[in-house]
Trainee: 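Attaching a single structure in structure tokens format; questions to follow.
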Amino acid sequence: MWKPPDPDSFNAVVWTIVKQIPEGQVATYGQIANMIPPPDGVIPPDYNRLGARWVGNAMNSTPDGEGIPWQRVINSKGEVSLPKGSPGASKQRTLLEDEGIKFSDKGRINFKVYGWNGPSKDWLDEHGFYPPKKFRDDADDPKQMNLF
DNA sequence: CGTTTGACTACGC
DNA sequence: CGCGTAGCCAAAC
């Protein structure tokens, strides 16, 4: 069974990945967890379920002033996952709206529009991370459109 | 110490 | 869809 190595280094890895999320896009806790290779190299079937809480923990202890876009990580339902009505929750929503992200009337973000497809393959290879789940076909990705 | 909690998620109804 | 539940584990009580 996979468990995170010492929490400090695990958090550092999470932050490294979160910093790659571009403005105006969002990732999920489970998506981040899926990118981080387990120490023993064996991926359990419910891999992202195991890591999602730890990713949440890492977000909870995000250092301020280091440019980590913590607001771009949300839960699998597309909602801000901080306690409803908390100062942090409204702050996160405001930050995302400032980046141009729109919320549905039920407070959800459409992954088809704003979901992050992960870093470039080069970056993944360089750091040894797994490619994450994609929310859109690359053909539909605005970033890939005029790549030719 | 035992219990509860938490920025989670997949799954079954 | 929404809601409840099981499973996870480090941290805080």
Side-chain angles (χ1 to χ4, degrees), chain A residues 1-121 123-125 127-138 140-143:
Chain A
M1 191 66 71
W2 179 63
K3 47 196 248 188
D6 76 283
D8 287 338
S9 62
F10 179 82
N11 287 356
V13 169
V14 171
W15 297 330
T16 299
I17 295 175
V18 170
K19 279 197 266 189
Q20 300 301 311
I21 307 173
E23 183 175 332
Q25 296 189 37
V26 291
T28 70
Y29 300 98
Q31 190 185 16
I32 306 272
N34 265 331
M35 295 175 60
I36 303 173
D40 59 7
V42 180
I43 304 182
D46 48 357
Y47 190 51
N48 62 346
R49 286 215 314 198
L50 302 181
R53 273 198 186 280
W54 294 316
V55 173
N57 270 345
M59 288 298 100
N60 194 25
S61 47
T62 304
D64 289 333
E66 308 223 351
I68 300 173
W70 57 271
Q71 73 272 21
R72 296 178 195 145
V73 185
I74 61 179
N75 68 28
S76 63
K77 293 182 292 195
E79 303 167 329
V80 164
S81 206
L82 281 78
K84 195 185 172 189
S86 69
S90 52
K91 179 179 180 184
Q92 183 173 12
R93 175 165 178 149
T94 302
L95 286 170
L96 291 174
E97 287 177 333
D98 286 348
E99 297 184 5
I101 294 177
K102 299 221 168 73
F103 287 74
S104 74
D105 51 355
K106 285 172 188 164
R108 289 207 286 248
I109 294 172
N110 186 347
F111 288 119
K112 279 278 189 185
V113 179
Y114 303 107
W116 182 45
N117 268 1
S120 71
K121 185 179 185 308
W123 191 90
L124 289 171
D125 290 344
H127 290 79
F129 296 135
Y130 300 134
K133 165 191 171 187
K134 289 180 184 300
F135 291 109
R136 280 167 281 106
D137 293 334
D138 285 336
D140 297 333
D141 194 324
K143 283 182 148 31

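Convention: sequence-line order gives letters A, B, ...; per-chain numbering from 1.
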Trainee: Do A/Arg53 and C/dC8 share a donor-acceptor pair, side chain to base, under 3.5 Å?
Mentor: yes
Trainee: Can you spot which of A/Asn48, A/Val14, A/Ile17, A/Val13 makes a side-chain contact (heavy atoms from CB on, under 4.5 Å) with A/Met35?
Mentor: A/Ile17
Trainee: Quick one: is A/Arg108 getting a side-chain N or O under 4.0 Å of the C/dG2 phosphate, OP1 or OP2?
Mentor: yes
Trainee: Take the angle between the ring planes of A/Phe135 and A/Phe111 and call it parallel below 30°, perpendicular above 60°, tilted in between.
Mentor: parallel
Trainee: Starting at atom CG of A/Asn60, determine the distance to atom P of B/dC8, rounded to an integer number of angstrom.
Mentor: 9 Å
Trainee: Which nucleotide, B/dA7, B/dG6, B/dA10, lies nearest any side-chain atom of A/Ser76?
Mentor: B/dA10
Trainee: Can you tell me how far P of B/dA7 sits from CD1 of A/Ile32, to the nearest Å?
Mentor: 17 Å
Trainee: Whole-Å distance between C/dG7 P and A/Tyr29 OH?
Mentor: 24 Å
Trainee: For A/Asn34 and B/dC8, give me the distance from atom CG to atom P, rounded to whole Å.
Mentor: 16 Å
Trainee: Side chain of A/Ala52, heavy atoms from C-beta onward: which of B/dA7, C/dC9, B/dC8 has the nearest atom to it?
Mentor: B/dC8
Trainee: Between C/dC8 and B/dC1, how far apart are the P atoms? Round to whole Å, please.
Mentor: 24 Å
Trainee: Rounded to whole Å, please give me the gap between CG in A/Asn75 and C1' in B/dC8.
Mentor: 8 Å
Trainee: Using a 4.5 Å cut-off on heavy atoms from C-beta on, say whether the side chain of A/Asn34 contacts that of A/Lys133.
Mentor: no
Trainee: Distance check: side-chain N/O of A/Asn48 vs OP1/OP2 of B/dA10, anything under 4.0 Å?
Mentor: yes
Trainee: Could you tell me how far apart A/Arg49 (CZ) and B/dT9 (P) are, to the nearest whole angstrom?
Mentor: 11 Å
Trainee: For B/dC8 and A/Ser81 - does any side-chain N or O of the residue sit under 4.0 Å from the phosphate oxygens OP1/OP2?
Mentor: yes
Trainee: Quick one: ring-ring contact (aromatic ring centres under 6.0 Å, His included) partners of A/Tyr114, sequence neighbours excluded?
Mentor: none
Trainee: State, to 0.1 Å, how close A/Trp116 and A/Ala27 come at their nearest heavy-atom pair, and which atoms those are.
Mentor: CE3-CB, 3.7 Å
Trainee: Answer yes or no: does a side-chain N or O of A/Lys106 lie under 4.0 Å from OP1 or OP2 of C/dG2?
Mentor: yes
Trainee: Output the rounded distance in Å from NZ (A/Lys77) to P (B/dA10).
Mentor: 11 Å
Trainee: Rounded to whole Å, how long is the line connecting atom CD of A/Gln31 with atom P of B/dT9?
Mentor: 10 Å
